[in-house]
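Since the structure comes first, as structure tokens, the remarks are kept for the end.
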Amino acid sequence: MRGSKGAHGPWRSGRKALVSSRFASAAARLSGRGESETRRSEGARMADMVRTRIAPSPTGDPHVGTAYVALFNYAWARKNGGQFILRIEDTDRERSNPASERMIFEALHWLGLSWDEGPDVGGPFGPYRQSERSEIYREHAERLVATGSAYPCFCTKERLEALREEQRRAKVAHALGYDGHCRAVPPAEGQRRRAAGEPHVIRLAMPREGETVVSDLLRGELRFDNTLVDDQVLIKSDGYPTYHLANVVDDHLMGITHVIRAEEWISSLPKHAMLYRAFGWDLPVFCHLPLLRNTDKSKISKRKNPVSLNYYRRAGYLPEALLNFLALQGWAIAEDREEFTLDEFIATFELSKVTLGGPVFDLEKLTWMNGKYIRKLTVPQLLDRLRGDLLSDEYLLKVLTLAHERIERLEEFVEYASFFFVGELEYDAEARGKLVAKKCTPEQTALALERLLEESLDQLLEWEPARIEETMRAYCEATGWKTSDLFMPVRVAVTGKAATPPLFETMAVLGKEICRRRLRRAAETLRAMKAEGNPGAHGGEDEKP
RNA sequence: GGCCCUGUCGUCUAACGGUCAGGACACUGGUCUUUCAAGCCAGCAGCACGGGUUCGACUCCCGUCAGGGCCGCCA
């Protein structure tokens, strides 16, 4: 995935031809006229045009992996004088959420990664939100059905589940996936049943023999046995496209030249390649970046590592430090150097030199690097940073609103509101006592706090008092907890105190990231209490002899 | 289980057939300092294993092993 400017290294011979023709067609689309009409000088410039994109799905908190992939896409586009596009992949109607989309915009802006085209800034290839492009996908899917590259499938969910179950049990591991049942339905009959309104999806008809070979900029030729790739759903029964269809159609229509994405997509590469082929389109350059990892090498996840960009922002990581650190995951600017600015990154970045080993996200090193960046600031600059987030008027106003009627001298404010400004909390003896829910063991309380977090609060994206309250009450309802029994441990967990402003307002002001961190920490504290003989607990059944 | 990807200090990485395998985080010791940091200096620690190819392999090929990803009408 590179402009001709940087087209050395892995780009030689055969592949080069593919790439340049790809650029030419992208250029034609970009200029909005045929390539032949393009003026020569402009044509030369356009032929070099690199277009990359980040295509997050707005289904949760803004993810550090999104920032990682966005950074590399951004740098590659900038380095080649091309464009970087933000596209929202919200084709999952259940999970997509406007709050999440907003947070993604904010987080990327915070990092300083700006896009040339996107839902918020517009652009010549919009709309940039897939939910607003349904008609485009439908048309394209029909085109495939018409040519026999896709077909309607009427299989019920039940049948698919049964099929999956049977395959699992029979251990026909090589034939996992859809069995192509509806491929046998004659087109005319399929047409009739669709017209009659029978629920169905549209599936891609994968070739039943041969192999699909796709080249990856970093990994060379990737080969897949077609018989092992099942018929992927292209259009869901709700009429929305799946990622696979929308992604391919949009990348083509938006003139994306380099698809730089995470490694987890490699296994769907053959499906994507088949789609391009079925449409008669040239393939973009594919480049699969390694996945960020937890300490145990598994794909980075919120259970084992902070992954929300909101966490890093709230914890006081500087965006430039985070970016610098992220750039180091898979790439090195020089043998003995690792601190550099975004501009330096852009200037020196070479996609082909990205390393492939899955980098363990080392929070400790990030933190060290952040310290370096803090020390590089002048004191007034540091002040500005603090005033930008943690000590912004906006935040102070919120805290002050809650402290207002609860202090009698101004100097009390700092102590009263200290938990709004620190990161980790220390739970003193009194707090530890109140951390344990009535009639419960520390262990039980810990479990309840964790479940409240993971099963309820984590899913909540609109972090507002009313929504928090609603969520917590619903949790109590579902689990049989008395709200009064559970809310005190939560209060102590997130504030370290038993006497605080109203819980939900307090949690809202603290923010989700802080609450999440403290709830976790509280659970750990509770577990440790059990280990050390349960000092602060009151009234736990099983501590009585 | 099947397919695919990956494999240099504990961690992030440099090396692109010939180096004492370099740097950084962490760790250890020292230095500076009223303290704590920061800084500086030093130390510890690695080419997963086995075959090839080659005058010569961390570098190329094959195999083994290990780790990871995917196997949804989620992306």
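Because the structure is a prediction, the values reported are computed rather than measured.
- Note on A/Arg375: only backbone sugar-phosphate atoms sit closer than 4.0 angstrom, heavy atoms only; bases stay farther off.
- Each of B/U13, B/C25, B/G69 was ranked by its minimum atom distance to the side chain of A/Ser298; first place goes to B/G69.
- Distance alone, capped at 3.5 Å, is enough to place a donor-acceptor pair between the A/Asp231 side chain and the A/Met206 backbone.
- With a cut-off of 3.5 Å on both Watson-Crick or G-U wobble distances, the partner of B/A26 is given as none.
- Protein atom CG of A/Leu245 is 13 Å distant from nucleotide atom P of B/C74, rounded to whole Å.
- Figure legend. B/G63 is base-paired to B/C49; pairs are counted as Watson-Crick or G-U wobble with both atom distances under 3.5 Å.
- Listed nucleotides: B/C12, B/C5, B/G23. Nearest to the side chain of A/Arg219: B/C5.
- A/Thr59 comes within 4.0 angstrom of nothing in the nucleic acid, heavy atoms only.
- Among the heavy atoms of the strands lying under 4.0 Å from A/Leu222 are primed sugar atoms or P, OP1, OP2 only; no base atom is included.
- Comparing the P positions of B/C25 and B/A38 gives a spacing of 11 Å, expressed to the nearest Å.
- Among the protein residues, A/Thr367 comes within range of no part of the nucleic acid, since none of its heavy atoms lies under 4.0 Å from any strand.
- Contact annotation for A/Glu89: backbone-only contact, meaning every heavy-atom pair under 4.0 Å involves sugar-phosphate atoms and none involves a base.
- At a threshold of 4.0 Å, the pair A/Arg375-A/Glu339 does not count as salt-bridged, since none of the basic side-chain nitrogens sits closer than that to a carboxylate oxygen.
- Comparing B/U11, B/A26, B/A75 by their closest approach to the side chain of A/Glu364 singles out B/A26.
- Residue-level contact check: A/Lys372 touches the backbone only, with heavy atoms under 4.0 Å from sugar-phosphate atoms and none from bases.
- Interface remark: the A/Arg95 side chain does form a donor-acceptor pair with the B/C74 base, using a distance-only criterion of under 3.5 Å.
- Both tests pass for A/Arg203 against the ring of A/Tyr178: distance under 6.0 Å to the centre and angle within 45° of the axis.
- OP1 and OP2 of B/C4 both lie 4.0 Å or more from every side-chain N or O belonging to A/Ser267.
- Across all strands shown, B/C71 forms a Watson-Crick or G-U wobble pair with B/G1, both key distances being under 3.5 Å.
- For the P atom pair drawn from B/C73 and B/U13, the interatomic distance equals 34 Å after rounding to whole Å.
- Figure legend: cation-pi geometry between A/Arg193 and A/Phe154, with NZ or CZ positioned under 6.0 Å from the six-membered ring centre and within 45° of its axis.
- The side chain of A/Lys236 contributes an N or O atom lying less than 4.0 Å from OP1 or OP2 of B/A75.
- A salt bridge is defined here as a Lys NZ or Arg NE, NH1 or NH2 lying under 4.0 Å from an Asp or Glu carboxylate O, and A/Arg337 with A/Glu335 fails to meet this definition.
- Rounded to whole Å, atom P of B/A26 lies 12 Å from atom CG of A/Leu366.
- Distances from the side chain of A/Ala332 to the nucleotides B/C25, B/G69, B/A14 place B/A14 closest.
- B/C47 and B/A37 have their P atoms separated by 34 Å, with the value rounded to a whole Å.
- A/Val233 comes within 4.0 angstrom of sugar-phosphate atoms only, judged by non-hydrogen atoms across all strands, and of no base.
- One N or O donor and one acceptor, one from the side chain of A/Ser237 and one from the base of B/C73, sit under 3.5 Å apart.
- Using a 4.0 Å heavy-atom cutoff across all strands shown, A/Arg223 reaches sugar-phosphate atoms only and no base atom.
- Judged by a 6.0 Å distance limit and a 45° cone about the ring axis, A/Lys376 is positioned over the six-membered ring of A/Tyr373.
- Across all strands shown, B/C20 forms no Watson-Crick or G-U wobble pair with both distances under 3.5 Å.
- Proximity note for A/Glu338 (side chain, C-beta onward) versus B/G22, B/G23, B/C73: the nearest is B/G23.
- Side chain of A/Lys365, nearest nucleotide from B/A75, B/A14, B/G23: B/G23.
- As a whole-Å value, the separation of A/Tyr243 OH from B/A75 C1' is 7 Å.
- The partner of B/U54 is absent, by the rule that a Watson-Crick or G-U pair needs both atom distances under 3.5 Å.
- Counting only heavy atoms from C-beta on, A/Leu228 has its side chain closest to B/G2 among B/G2, B/C4, B/U13.
- Taking for each of A/Gln329 and A/Ile266 the nucleotide of RNA chain B with the nearest heavy atom, the 5'-most of the two is the partner of A/Ile266.
- Look at the C1' atom in both B/G51 and B/A57: the space between them is 14 Å, to the nearest Å.
- The side chain of A/Arg164 approaches B/C73 more closely than any other nucleotide in the set B/C73, B/G67, B/G69.
- Counting any heavy atom pair closer than 4.0 Å across all strands shown, A/Trp265 reaches a base atom.
- Side-chain proximity of A/Glu335 to the nucleotides B/G22, B/C5, B/C12 is greatest for B/G22.
- For the atom pair A/Glu263 CD and A/Leu356 CG, the distance stands at 7.0 Å (nearest 0.5 Å).
- Counting non-hydrogen atoms under 4.0 angstrom, A/Gly330 reaches the backbone sugars and phosphates but no base.
- A salt bridge links A/Glu89 to A/Arg87: one of the charged nitrogens lies within less than 4.0 Å of a carboxylate oxygen.
- Comparing atom distances between the A/Lys297 side chain and each of B/G67, B/A75, B/U6 picks out B/G67 as nearest.
- Residue-to-nucleotide proximity on RNA chain B shows that, of A/Leu356 and A/Ile235, the 5′-proximal contact is made by A/Leu356.
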